[in-house]
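What follows is a single structure, written as structure tokens, with notes after it.
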Protein chains: 4
Amino acid sequence: MIETDPNTTQVMPDEDSSKRRQILEGARKVFMNLGFDGASMGEIARVAGVSKGTLYVYFSDKSRLFAAIVEDETVHRGTLNVQFDPARDAETMLREFGQAWIAVVCRPGGGSAIRTVMAIAERMPEVGHRYYDCVIEGTIGRLAAYLQARVEAKELFIDDCHLAASQFQMMCQATLFLPFIFQGAPAPPPHDVQRVVASAVRMFLAAYGTKR
Amino acid sequence: MIETDPNTTQVMPDEDSSKRRQILEGARKVFMNLGFDGASMGEIARVAGVSKGTLYVYFSDKSRLFAAIVEDETVHRGTLNVQFDPARDAETMLREFGQAWIAVVCRPGGGSAIRTVMAIAERMPEVGHRYYDCVIEGTIGRLAAYLQARVEAKELFIDDCHLAASQFQMMCQATLFLPFIFQGAPAPPPHDVQRVVASAVRMFLAAYGTKR
Amino acid sequence: MIETDPNTTQVMPDEDSSKRRQILEGARKVFMNLGFDGASMGEIARVAGVSKGTLYVYFSDKSRLFAAIVEDETVHRGTLNVQFDPARDAETMLREFGQAWIAVVCRPGGGSAIRTVMAIAERMPEVGHRYYDCVIEGTIGRLAAYLQARVEAKELFIDDCHLAASQFQMMCQATLFLPFIFQGAPAPPPHDVQRVVASAVRMFLAAYGTKR
Amino acid sequence: MIETDPNTTQVMPDEDSSKRRQILEGARKVFMNLGFDGASMGEIARVAGVSKGTLYVYFSDKSRLFAAIVEDETVHRGTLNVQFDPARDAETMLREFGQAWIAVVCRPGGGSAIRTVMAIAERMPEVGHRYYDCVIEGTIGRLAAYLQARVEAKELFIDDCHLAASQFQMMCQATLFLPFIFQGAPAPPPHDVQRVVASAVRMFLAAYGTKR
DNA sequence: TATGAATGAGTCTTCATTCAT
DNA sequence: AATGAATGAAGACTCATTCAT
């Protein structure tokens with residue numbers, strides 16, 4: 001006679017509810033602009049357009065909300081939009097990679113995920129590790145695998161493909177990433193990106209394109 | 001009590017007084033380990049071994065104290081310990097530069113200035129600009145000037161020396177810097193640094209060491 | 001959907017509806033274990049197996065719900081399960097009374113009504129008064145009336161039956177009640193209760209069993 | 001040269017500083033009137049005449065402040081002002097004890113320590129235990145020791161002095177303590193106390209004053 | 001100059017209560 | 001009648017800053 005259904009009360013709303021997405025969107029803006037400590041739950045609520053209490057209906061505390069944001073950045077926005085095709089030639093593939101990478105690390109519109117995560121990595125090591133593993137190492141790993149394929153195809157001559165991948169990744173950032181981070185420079189225009197990436201590709205092929 | 005000494009009354013304490021340096025030293029440790037928001041004035045006072053009130057005798061508020069720390073980092077620790085001699089050959093010079101640069105950005109002992117400044121750059125633009133200008137751009141500029149000299153000496157063949165300098169700087173960080181920042185990895189051992197820098201030098205010379 | 005039943009629309013739900021009893025049962029557990037302030041409406045809803053909103057269908061606010069619980073305790077559980085028979089002898093009757101009283105104030109299973117009401121009595125005077133009148137004074141009154149009957153039967157010799165009743169009630173608690181309340185001691189085992197009550201009865205009769 | 005004295009900052013002020021006593025006094029009023037949960041740190045600060053922050057200079061959190069209050073009650077106000085002299089006769093001694101005990105548990109001026117501690121005992125067991133041990137059991141223990149002495153002096157005839165002490169203690173409360181707690185009755189006037197205590201003494205001696 | 005006690009604004013978090021469905 | 005998502009007021013606690021000594 002006592003029909004208690006424990007699932008009808010106090011349940012975390014749907015994982016994909018619109019309110020939840022609304023909160024994540026607001027929180028993303030605030031966290032990415034002000035950092036974990038600089039962001040206040042009140043400001044997040046205001047920007048998300050919900051009440052402070054509602055934040056806690058969806059996320060048990062500030063850290064979890066932050067972790068959810070970073071996870072979202074990690075999974076949805078940190079993945080390079082590049083299909084590595086082992087059959088395609090290095091020059092084209094590298095150029096595509098380089099441009100896609102800059103698009104990830106110099107995302108327009110303010111609010112850098114990479115900076116925000118860097119800043120907190122020492123105090124929230126799991127967050128830092130997860131972001132590094134997925135976004136940084138994951139990207140390098142995919143590039144390294146491609147390079148290995150080209151080595152086997154005798155197009156490239158590389159001892160340490162992982163190092164080479166990281167070198168290329170870093171070189172693409174030259175003159176672009178640090179001003180973006182430190183000076184609040186706008187995302188570099190496509191022309192600049194192409195020029196820098198092209199130079200990186202030329203350099204990479206000069207070093208690894210012929211047997212030493 | 002009435003004999004006022006115009007040099008000690010109502011005057012901001014000596015720029016180089018020992019108390020001031022003591023505060024800067026304590027604040028540096030705390031700020032670099034915890035970031036601007038994570039550091040509390042109480043903790044700084046404790047580490048510096050002075051009272052909280054004394055902090056405000058030397059610095060009008062937390063931001064100024066932070067700015068002073070960053071300035072100190074910028075001027076005293078951000079400058080590469082490398083003498084660019086336009087007469088010396090590129091291979092040696094680049095190797096020296098690369099190792100010195102890694103020593104700056106992967107400073108052992110925890111507490112990364114570069115991370116701390118990155119984290120706050122959006123909220124304290126002047127601090128970010130000043131650090132970028134002196135430490136990043138300054139370093140690249142000196143390297144670029146050296147490269148230009150070697151171009152004129154016909155050892156190197158470079159269109160855009162500034163870009164080339166930045167490329168080299170970034171390449172030296174490959175596989176070293178990001179794990180250090182994101183994963184709290186210890187400062188890389190000299191052997192690793194040498195290997196990565198050597199590879200960067202090789203790559204650089206392959207690209208820029210012969211007329212294209 | 002338009003067929004309104006005047007007995008169910010806009011009407012406070014039935015005083016004895018099953019939902020109402022379900023809520024009272026859950027609220028009783030929570031309030032008696034955690035006190036008025038320690039109990040939260042959410043927890044009550046969870047334990048009762050209804051939604052938070054439903055609580056407010058039956059009780060206009062937390063205080064009223066609490067008062068209803070206390071009323072229930074007062075009426076249903078605070079009444080001694082003892083039939084005072086003016087014809088029965090004092091020794092037997094007192095022993096029965098004493099054991100029943102200890103069962104009320106040291107109720108096993110945690111969650112003491114007497115403590116909960118005591119705690120809130122200053123802030124909710126009506127609740128305190130009502131509990132006192134029914135449970136404490138009511139009990140003493142019934143005992144006093146019985147004693148008066150025995151006085152008239154010449155078995156006992158008491159000036160102030162109300163005082164005597166209270167004395168006996170209190171004596172029965174000796175060494176049992178305060179450890180139960182303050183130390184979270186388990187409800188005293190029957191053997192201990194019998195011993196203490198027996199001692200109280202002996203004492204009572206020594207004092208009031210013969211003409212002074 | 002760096003004369004750091006870690007003892008000059010962040011030190012808990014003097015145990016007996018006037019501010020500390022001021023806080024304790026204000027907190028005592030608020031806690032004893034409203035209970036642990038009902039009292040807010042803001043209200044305590046207001047009543048004590050200090051800022052909220054100052055509370056935390058002297059007590060690390062609400063629980064510690066509360067525990068300090070209870071400790072103070074336990075040690076300074078919970079101790080009976082009675083000198084047990086084993087040589088003095090039971091009637092006098094018991095009367096003194098009874099009156100002193102009522103003064104402790106029905107302290108005038110509102111704000112009952114015994115109620116406040118009872119209310120929280122389940123959630124703060126150490127506080128409950130300490131209060132019980134010192135105030136309740138301590139008092140009973142001293143009385144029991146005196147009774148034992150009188151047993152040896154052949155004035156009294158008691159099997160279980162601890163039970164007897166508790167019985168006397170409880171009897172003294174008859175008709176006085178529960179109205180005080182539940183009904184917010186004022187502290188009982190001396191005349192009533194004397195009457196109830198006298199009756200308790202009479203009853204006690206009737207039971208334990210002659211060999212059974 | 002140096003101190004450290006004191007402040008109060010601001011932070012995260014909880015929870016009684018409301019209301020559209 | 002019943003729900004449970006949403007709210008916002010209030011609470012504990014922190015910390016940059018001030019000031020009398």
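Please read these numbers as outputs of a predicted model, since none were measured by experiment. Each chain gets a letter, A, B and so on, in the order the sequences are listed, and its residues count up from 1.
If you take CZ of A:Phe59 and C1' of F:dA6, they are 15 Å apart, rounded to a whole angstrom. Whole-Å rounding puts the D:Lys62 NZ to F:dA12 C1' distance at 8 Å. If you take CZ of D:Arg46 and P of E:dG8, they are 15 Å apart, rounded to a whole angstrom. If you take CD of A:Glu43 and C1' of E:dT11, they are 13 Å apart, rounded to a whole angstrom. Computed from coordinates, the D:Leu65 CG to F:dG11 P distance equals 16 Å when rounded to whole Å. Summarising the geometry, the separation between NZ on D:Lys19 and P on E:dG4 is reported as 17 Å, rounded to the nearest angstrom.
Residue order along DNA chain E, read from the 5' end via each residue's closest nucleotide, puts D:Gly49 first among A:Gly42 and D:Gly49. Across the interface with DNA chain E, nearest-nucleotide mapping of A:Met41 and D:Val50 shows D:Val50 to be the residue nearer the 5′ end. Toward the 5' end of DNA chain F, the nearer of the two residues D:Thr54 and A:Leu55, judged by each one's closest nucleotide, is A:Leu55.
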### Summary
Output field dot_bracket for DNA chain E (Watson-Crick or G-U, both distances under 3.5 Å, | for other-strand pairs) contains .||||||||||||||||||||

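Between B:Phe31 and B:Phe36, the ring planes lie parallel to each other; the angle is under 30°, not in the 30° to 60° tilted range.
Counting only heavy atoms from C-beta outward, the side chains of A:Asp61 and A:Arg64 approach each other to under 4.5 Å. Residues D:Leu65 and D:Met41 form a side-chain contact, since some pair of their non-hydrogen atoms from C-beta on lies under 4.5 Å apart.
Separating the CD1 atom in C:Ile120 from the CG atom in C:Asp37 is a distance of 5.5 Å, to the nearest 0.5 Å.
Only at 4.0 angstrom or more do the heavy atoms of residues 31-40 of chain C sit from any atom of DNA chain F, so none qualifies.
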### Task
List the steps, then state whether side-chain contact (heavy atoms from CB on, under 4.5 Å) holds for C:Phe182 with D:His129.
CA-CA 6 Å; C:Phe182 278 102; D:His129 270 83; over 6 Å; no

### Message
Checking C:Leu55 against C:Phe59 for the side-chain contact (heavy atoms from CB on, under 4.5 Å) test, could you report, in this order, the C-alpha distance in whole Å, the side-chain angles of both residues, the deciding distance, and whether it holds?
### Response
CA-CA 6 Å; C:Leu55 299 181; C:Phe59 301 93; 5.7 Å; no

### Task
Test side-chain contact (heavy atoms from CB on, under 4.5 Å) on C:Leu24 and C:Arg28 and set out the steps.
CA-CA 6 Å; C:Leu24 284 172; C:Arg28 196 181 59 76; over 6 Å; no

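Note on D:Lys52: a base of the nucleic acid sits closer than 4.0 angstrom, heavy atoms only.
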Polar atom pairs between nucleotides 19-21 of chain E and protein, under 3.5 Å, N or O only, would you list them?
none

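Distances shorter than 4.0 Å separate some side-chain N or O of A:Tyr58 from OP1 or OP2 on F:dA6.
Other residues, nucleotides and ligands contribute more than 12 heavy atoms inside 6.0 Å of the CZ atom of C:Arg77.
In this structure, the nucleotide among E:dG8, E:dA5, F:dC13 sitting nearest to the side chain of D:Asp61 is F:dC13. Of the candidates F:dT7, F:dT3, E:dT1, F:dT3 carries the atom nearest the C:Ser51 side chain, counting heavy atoms from C-beta on.
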